[in-house]
Structures are given as structure tokens and as C-alpha cells.
Amino acid sequence: MIAGLDSLGGIVVGGVFLGLAEQVASKILDPYLPGIGRDIAFFILLLVLLVKPYGLFGSERIERL
């Protein structure tokens with residue numbers, strides 16, 4: 001969902017980015033906010049879908065009837 005459903009390369013980039021973000025958040029912020037490493041993926045997903053509903057690399061299809 002982060003990269004868009006129609007981009008295979010975007011899915012790989014989104015997965016790597018999400019994994020790195022979880023690990024960095026868990027290493028840096030875990031002493032101050034316990035459990036943030038688990039929740040950071042949800043926050044990133046929510047932020048991306050609020051800014052770009054089709055994902056970062058997804059194409060916006062407009063179909064008119």
C-alpha cells in the first residue's frame with residue numbers, strides 16, 4: 001500500500017524503507033517510547049495514504065463513465 005499496487009519496484013523500495021524505518025525507530029526511540037518500533041509502520045502507512053492515496057509510485061487512474 002505504501003508504494004502502490006501496480007508498481008513492483010515500488011513495492012520493493014517501500015518494503016526496504018519500512019523495514020529500515022522500524023529498525024531505526026526501535027534502536028533510537030525505544031528507550032524513550034517503548035514499543036514505538038512496532039507502531040512506526042502504521043504511522044508511516046497512514047501518513048503516505050493521507051498525502052498520496054494511490055501510494056508513492058502508484059498511478060492515478062481516472063475512469064469516466
Side-chain angles (χ1 to χ4, degrees):
M1 292 306 297
I2 288 178
L5 296 176
D6 57 348
S7 170
L8 184 64
I11 292 171
V12 172
V13 170
V16 169
F17 172 72
L18 203 58
L20 287 174
E22 282 185 47
Q23 289 300 314
V24 168
S26 119
K27 295 291 181 191
I28 294 175
L29 297 176
D30 205 31
Y32 307 111
L33 299 168
I36 194 72
R38 294 174 301 192
D39 300 333
I40 198 73
F42 179 72
F43 293 135
I44 291 173
L45 177 65
L46 213 77
L47 182 70
V48 167
L49 289 179
L50 282 173
V51 173
K52 287 193 72 173
Y54 291 99
L56 293 176
F57 300 110
S59 60
E60 182 176 343
R61 286 188 231 155
I62 299 175
E63 294 181 26
R64 301 188 189 263
L65 299 174

Chemist: According to a 4.5 Å side-chain heavy-atom criterion applied to Ile, Leu, Val, Met, Phe, Trp and Tyr, with indirect links allowed, do Ile28 and Phe43 form part of one hydrophobic cluster?
Modeler: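 Same hydrophobic cluster.
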
Chemist: Quick check against the 3.5 Å criterion: does Asp30 have a side-chain atom that pairs as donor or acceptor with the backbone of Ala25?
Modeler: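 Judged by distance alone, no pair lies under 3.5 Å.
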
Chemist: List in chain and number order the residues that pass side chain to side chain contact (heavy atoms under 4.5 Å, CB included) with Leu33, two or more places apart in sequence or in another chain; answer none if no residue qualifies.
Modeler: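 Applying side chain to side chain contact (heavy atoms under 4.5 Å, CB included) to Leu33 gives Ile36.
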
Chemist: CD1 of Ile40 to CG of Leu45: how many Å apart, nearest 0.5 Å?
Modeler: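 Rounded to the nearest 0.5 Å, the CD1-CG separation comes to 12.0 Å.
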
Chemist: What residues join Val16 in its hydrophobic cluster, counting side-chain heavy atom gaps under 4.5 Å, either direct or through other members?
Modeler: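 Listed partners: Leu20.
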
Chemist: Who passes side chain to side chain contact (heavy atoms under 4.5 Å, CB included) against Ala41, sequence neighbours left out?
Modeler: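 Only Leu18, Glu22 meet the side chain to side chain contact (heavy atoms under 4.5 Å, CB included) criterion with Ala41.
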
Chemist: Does Phe42 share a hydrophobic cluster with Val51, counting links as ILVMFWY side-chain heavy atoms below 4.5 Å and allowing steps through other members?
Modeler: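 Result: no, two separate clusters.
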
